[in-house]
Structures are given as C-alpha cells and as structure tokens.
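As the structure lists them, so they are numbered: ligands from 1, and atoms in each ligand from 1.
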Amino acid sequence: MNKMVDCCSQPGLMPIETARARLLEALQPVAGTQTVPLTNAAGRVLAEPVISAVNLPPCDNSAMDGYALRFADAAAGQPLELIGKSFAGAPFEGVVNPGTCVRIMTGAAMPAGADTVVMQENVQAEAESIHLRTEVRAGDHVRRRGEDVAEGQTLLEAGTHISVAHIALLAAAGIGTVTVKRRPCIALFSTGDELRQPGEPLAEGDIYDSNRVALKAALQELDLETLDLGILPDNRDAITRALQKAAREADAVITSGGVSVGEADYTREVLEAQGEIGFWKVAMKPGKPFAFGRIQGTPFFGLPGNPVSALVTFYQLVLPALTVMCGSSWNGPATMQAKLLKPLKKKPGRTDFQRGIFRFVQEDGRGELVVEPVGAQGSHILTGLAAANCFIVLARDSGNADAGDTVTIEPLRAPLA
Ligand SMILES: Nc1nc2c(c(=O)[nH]1)N[C@H]1C(S)=C(S)[C@@H](COP(=O)(O)OP(=O)(O)OC[C@H]3O[C@@H](n4cnc5c(N)ncnc54)[C@H](O)[C@@H]3O)O[C@H]1N2
Ligand code: MOO
Ligand SMILES: [Mg+2]
C-alpha cells in the first residue's frame, strides 16, 4: 500500500486540485466564432448546435445483397417471381406485388411493396424465380428511414469538441460547413541568459531553449495559434515589454523560467509589479513554482524553467485552462489503475507526477496493467519523460510505494502509439 502520512502539506503550497479548480473558474472561452469547411473542423469546438435537415438513412434500404420481398409471401413457402433489380443509386421503380420479389444490393432502396430482405446465401435462385431455403422474420435486413437520425434532430450540441466520428456524422447529414469558436492565440517566451536557439553555437554555461520549442509544438498539436516572442534575457525591462506586447496581441501568455526564488528569477516579480498574481506555488512535483496571474487582464501562466517541470505543469494545469478558453469543458484527467513493478521513493507533501511506462500483460488467461518507473526522475531528466508513456500519479499525502502496490497512472498517449 502507499504509505499515508498525517499532515503533510508544505506551507504555502496550493493543492493541485485547488489550483486546477481556480484556473477552471478564472477562465472563460474567448469571444468570436468562425465558419469553416467540415474538412477543417476536426479539433474545433462547435459554437452552435447542428440540426439535421435530413433523415438518416434517407429511405428504407437493404443491409444485405439478396432479395426484397413481402414477408407474407415468405411464410407461404412458394417460389417467388423475380421482376427486377434495385441497386444503390439505381432503385427499382416498380412495385413488389404478392408472389414477386426483386434482386437487391446492400444500400439499395427498398422497392414499394417489399418489407423484408433475404440474404442471397439463403435462397435458391433460378433465372426468373427464387426459392427460400431458410425461415425469414418480418423486416429482416431492412435499414429503416430515419433510424439513425430523424429530420430536425440535434446532431451535435454547441460546445462539442469535434472528432473524426463527428465529422462522419455531419458529412452523412450533408453538412458542408460548421460554425466553430475562435481559438485563443497564445503568446510564448522563454527567459534565461543561458538559453540559445537550437542550431546556434553554445558558449560555456549555455544550454538550448528546449521549453519554448516543446511548448510551441504542444500548442500546435492543439491547433492553437502562437505568438512566439522568443528567448528573453533575465532582465526586468525586457520581460515587462514582452508581457505588455503579449497582453495587447494575444489571448493568454505562457512563459518558462524565472518563477522561483533565485536572484535572476524576474518573471513572477515583473508580473506582480505589472499585473496581478492569482496564485503561486503548487503542491506538485515537479512544477512547484508554477504561477498564474493576469497582465492587463490577459491570463498568464508562468511555467518553471526545468524542462520536465515545464511540460508537467503544461499538461496538468495549462491544458485544462486552454480547454476552457477554447470553449470546451475539461473532463480529465483520464486515469487508470496499474500494478507497480518497482518501488518508488516519495516524500509526503506534493502530488508527484513520476514518469513511467505502462503495459498490459497477460498470464494464465488473466490480464492486468503494470507500470514501471522510467528510472531517474529529476526535473532536468528529459530522456525519462521522452521514454515515458504515462505519469504515475502519487497522492500528495502519500509516501514511498512498494512493488506490487496499485497506483494511479495517467496515459500520455495511446499505448500502441
Ligand atoms: N532555493 C530554492 N531554489 C529553487 C526552488 C526552491 O523552492 N527554492 N525551486 C526549484 C524548483 S522546484 C524549480 S522547478 C526551479 C524553477 O526555476 P525557475 O522557474 O526560476 O527557472 P530558472 O531558474 O530560470 O531555470 C531553472 C532551470 O531550468 C533551465 N531552463 C530554464 N529555461 C529553460 C528552457 N527554456 N529550456 C531548457 N531549460 C531551461 C535553467 O537553465 C535551469 O537549469 O527552481 C528550483 N530552485
Ligand atoms: O518542482 Mo521543480 O519543478 O521539481 O524542479
Ligand atoms: Mg530560477
């Protein structure tokens, strides 16, 4: 079992659940809508409900290749006269009268008079007649008009986050464009005298700016526009100017670095002077010095500089907030339970997001999810994060965990991806 220890909150640190709730409460969807072709709508959020102008299926049609007939005739057991064919796109125009049937293909409209389809495998067919080889039930293999969607039905509600399956549904209903919410534009900058753009030479003590590159990719993966303000030196004036530009031109700003207590950590200090701090320091590991606030009313997310901390706080705190700003609702995080394969070290006091690899194992016909920590868990260890497919989420008040314990995991991507 995870060791629960009494009293563990560290003074001045906000529980992550409170931090997330505060963000969700503080943020609103950005104003504005846009009409886009359906083909560009995946990932967008519907601004208004979509009503179907058609029935789906539009008419009764066959679910099988076979013969359309009258159920009353099937019961009689007599051969049926073959009077025509109905194809998808070329329906039979006549009427199936008693004693007759029509050859029908999957998706073809049911001819007038017919109410039942028999699969061709269950029929003895001659040139001009058929004989049924099995029993038939009334209405077999007929797909009813409107059984999927009725004309006038709401297909999708406003606020729906449009998936590929939603696009299939809308396209099937003949919808070519949708009105979606405007996406927020996110300003982004890194701070640090030591930071260089990947590709540039490194002087002694320099490192590459991996946070801005990764955060920009994460925002692009969410299909959000970015305003990239680059790498800033550890300098109050430069940070002030960048925050003011971000507040003027973007819907939110994400920074990395300078939110802790070092002598060159100016980001949070400038925010305090120029705007307002909503909260600072969260009981999470990594990511403790995360700061949230506003600069001239524009939401500000100050991520810690350590690269794992920056991405953990992005996914745990900023992503829910952006989801709300996009007009959708946050239903996460999606978690599962798994058996821990190796012991974990943890001190009570902060919710821990250790990096792990989970997989499904099957033994003696019994399957279970197991998870193994990736090894080094330092907030500068990017190889661990890159190898991981989940966070192992250890509750704030828990201590060490043993091999065999059941732990909560949060998948980072599909297990087979
Ligand atoms: N006395 C204390 N020191 C620290 C504390 C504390 O509570 N007391 N907290 C530690 C924790 S936890 C974290 S996390 C870091 C956060 O620091 P900052 O947000 O102030 O970030 P920096 O000092 O600017 O940088 C920290 C670290 O990350 C590297 N870095 C910064 N930006 C980038 C980037 N864009 N790409 C890659 N790496 C980056 C930077 O070089 C530093 O190594 O503070 C601890 N200290
Ligand atoms: O909490 Mo800091 O984010 O570990 O390195
Ligand atoms: Mg610092």
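Of the candidates Asn211, Asn306, Thr267, Ser256 forms a side-chain hydrogen bond (donor to acceptor under 3.5 Å, both in side chains) with just one, namely Asn211.
Of the heavy atoms in Pro304, both backbone and side-chain atoms come closer than 4.0 Å to ligand 1. Counting heavy atoms under 4.0 Å from ligand 2, residue Pro286 touches it through both backbone and side chain. Looking at Val261 against ligand 1, only its side chain comes within 4.0 Å, counting heavy atoms. The part of Glu194 lying near ligand 1 is the side chain, judged by heavy-atom distances below 4.0 Å. Contact annotation for Thr267 and ligand 1: no heavy atom of the residue comes within less than 4.0 Å of the ligand. Looking at Ile207 against ligand 1, only its side chain comes within 4.0 Å, counting heavy atoms.
For the ligand labelled ligand 2, residue Arg350 lies inside the 4.0 Å heavy-atom shell. For the pair Gly287 and ligand 2, a heavy-atom separation below 4.0 Å is found.
By the 6.0 Å and 45° rule, Arg22 does not stack over the aromatic ring of Phe279.
Here Arg183 does not pair with Glu225 in a salt bridge; the nearest charged N to carboxylate O distance is not below 4.0 Å. The pair Arg359-Glu372 meets the salt-bridge criterion, since a charged nitrogen lies less than 4.0 angstrom from a carboxylate oxygen.
Near Lys288, with a cut-off below 4.0 Å to any heavy atom, the atoms of ligand 1 are 6 (C), 7 (O). Near Ser190, meaning under 4.0 Å from any of its heavy atoms, are these atoms of ligand 1: 35 (N). Within the listing of ligand 1, atoms 35 (N) sit less than 4.0 angstrom from a heavy atom of Ser256. Distances below 4.0 Å separate heavy atoms of Gly257 from the following atoms of ligand 1: 19 (O), 21 (O), 24 (O). Near Ser309, the atoms of ligand 1 lying under 4.0 angstrom from a non-hydrogen atom of the residue are 14 (S). Within ligand 1, counting atoms from 1 as listed, the ones closer than 4.0 Å to a heavy atom of Tyr208 are 36 (N), 37 (C). Each of the following atoms of ligand 2 lies closer than 4.0 Å to a heavy atom of Lys288: 1 (O), 3 (O).
Among the atoms of Arg350, none of the N or O lies under 3.5 angstrom from an N or O of ligand 1. The shortest N or O to N or O distance between Asp209 and ligand 1 is under 3.5 Å. Of the N or O atoms in Val259, one or more lie within a sub-3.5 Å distance of an N or O in ligand 1. The shortest N or O to N or O distance between Gly305 and ligand 1 is under 3.5 Å. Polar contact check, Ser210 against ligand 1: a nitrogen or oxygen pair lies under 3.5 Å apart.
Compare Pro286, Ala310, Gly258, Ser260 by their heavy atoms: the one nearest to atom 6 (C) of ligand 1 is in Ser260. Of the options Thr313, Asn306, Leu215, the smallest heavy-atom separation from atom 14 (S) of ligand 1 is shown by Asn306.
At least one side-chain heavy atom of Phe358 sits less than 4.5 Å from a side-chain heavy atom of Met336. Counting heavy atoms from C-beta on, the side chains of Asp251 and Met325 come closer than 4.5 Å. Taking 4.5 Å as the limit, some side-chain heavy atom of Ile239 sits within range of a side-chain heavy atom of Thr191.
Nearest protein heavy-atom neighbour of atom 5 (O) of ligand 2: Ser379 OG, 2.5 Å.
Taking the six-membered ring for Trp and the full ring otherwise, Phe292 and Phe301 have centroids separated by under 6.0 Å.
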Worksheet entry | Verdict with supporting geometry, Asn122 and Arg133, side chain to side chain donor-acceptor pair (under 3.5 Å) | CA-CA 5 Å; Asn122 295 335; Arg133 290 206 288 220; over 6 Å; no

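Around atom CZ of Arg145, no more than 12 heavy atoms belonging to other residues, nucleotides or ligands sit under 6.0 Å away.
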